[in-house]
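Because the structure is predicted, anything quoted here is derived from the model rather than measured. The figures that follow rest on heavy atoms only: side chains count, while hydrogens, waters and symmetry mates do not. Sequence lines set the chain letters: A, B, ... in the order given, protein chains first and strands last, and positions in each chain run from 1.
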Amino acid sequence: MPAHPGLSIRGAQEEDPPDPQLMRLDNMLLAEGVAGPEKGGGSAAAAAAAAASGGAADNSIEHSDYRAKLTQIRQIYHTELEKYEQACNEFTTHVMNLLREQSRTRPISPKEIERMVGIIHRKFSSIQMQLKQSTCEAVMILRSRFLDARRKRRNFSKQATEILNEYFYSHLSNPYPSEEAKEELAKKCSITVSQVSNWFGNKRIRYKKNIGKFQEEANLYAAKTAVNAAHAAAAAVQNSQANSPTTPNSGFQMKDEEFQLDSAESKNTLLSNMFTGGYPAPCYQSDGRIQ
DNA sequence: GTCAATGATTTACC
DNA sequence: GGTAAATCATTGAC
């Protein structure tokens, strides 16, 4: 920019009071890693997305997808911002040149120049604000897509479901795993503890609602557990270790309440299984409590 | 495309 | 804070 006494655009730029809305937008863009220095494509936001989705390791593809899209937004934002700044400077220079031309034919006060530059900058600021606003919106949409866990729900692996079902049906009298048991199950199933809690919450309520429907499944897992128990017993006999007698489960109880086996058929089958060996024996914890 | 199954979330309760 | 119950949203079989 050519030096010209009294014709500087700096003054007007610095006198503008900070717009609170613009500051909010700037802060958000900074926090999301769109504005400011490159932070690995908004790794903070990606980490937030990971935390919100349960932290499972199975969504690394989604994360890289998220980062890629955020980088895209960042690139577009910076390109557009540069374009606006360049256009603003060019236009200001152009106006300054015109004023300089005019100053040959009429006196132009510094105040008038300042006013003109101010008008130009305000106009470009409002355009910049629109750009920042739409960038924020794009980031919000992107985040909502990746943060909404329901959108990227994945069914658990067959093995994980088997492990959970085995535990559920072998603890049918009290299907409330302790915190330690939940952690153990989570580890075995490669899911989070809260996912284990969710699974048991869903299972308990769905089992209770329709015991008949789950009868086949219950029998299947009961048989499975019985086979496992038989193998364990055989191993124990081999080791000449006497087993203490077990007591059959008294029935499914919801928390603090006797669980109603409202289907007589279900109850009969379950009871029949319990006493014919098809139904699993209660599982004792290390402290002797029935789980 | 439909529909049942299923994982996640929300709300209310204790 | 943990759970029951209702509900939402996606998946997967058909």
Can you tell me how far [atom2] of [N] sits from [atom1] of [X], to the nearest Å?
X	N	atom1	atom2	value
A/Trp199	C/dA4	CH2	C1'	16 Å
A/Asn198	B/dA8	CG	C1'	6 Å
A/Leu164	B/dG7	CG	P	8 Å
A/Phe200	C/dA5	CZ	P	17 Å
A/Ile191	B/dT6	CD1	P	14 Å
A/Asn210	C/dA4	CG	P	17 Å
A/Ile205	C/dA6	CD1	P	7 Å
A/Arg204	B/dA8	CZ	P	15 Å

- Note on the structure: Assign each of A/Asn155 and A/Pro177 the nucleotide of DNA chain C bearing its closest heavy atom; nearer the 5' end lies the nucleotide of A/Pro177

- Message: I'd like to know if A/Lys83 pairs up with A/Glu80 as an ion pair, taking the criterion as any Lys NZ or Arg NE/NH1/NH2 lying under 4.0 Å from an Asp or Glu carboxylate oxygen.
- Response: yes

- Nearest of C/dA4, C/dG2, B/dT6 to any side-chain atom of A/Glu179? C/dG2

- A/Tyr176, nearest nucleotide to its side chain (from C/dA4, C/dT11, B/dT9): C/dA4

- Message: Mind checking if A/Phe156 touches a base, just sugar-phosphate, or nothing, with heavy atoms under 4.0 Å?
- Response: sugar-phosphate

Just to confirm, is there a sub-4.0 Å distance from OP1 or OP2 of [N] to any side-chain nitrogen or oxygen of [X]?
X	N	answer
A/Arg154	B/dG7	no
A/Asn202	B/dG7	no
A/Lys203	B/dG7	no
A/Gln195	B/dA8	yes
A/Lys182	C/dT3	yes
A/Lys208	C/dA5	yes
A/Lys213	B/dA5	yes

- Message: Would you call the rings of A/Phe124 and A/Phe91 parallel, tilted or perpendicular, taking 30° and 60° as the class edges?
- Response: tilted

- Query: With sequence neighbours excluded, what pairs up with A/Glu162 under the side-chain hydrogen bond (donor to acceptor under 3.5 Å, both in side chains) test?
  - Reply: A/Lys224

- Step by step, would you call A/Glu217 with A/Tyr169 a side chain to side chain donor-acceptor pair (under 3.5 Å)? CA-CA 9 Å; A/Glu217 189 178 77; A/Tyr169 287 111; 2.5 Å; yes

- Message: I'd like to check the ring-ring contact (aromatic ring centres under 6.0 Å, His included) partners of A/Tyr77; sequence neighbours left out, ordered by chain and number.
- Response: none

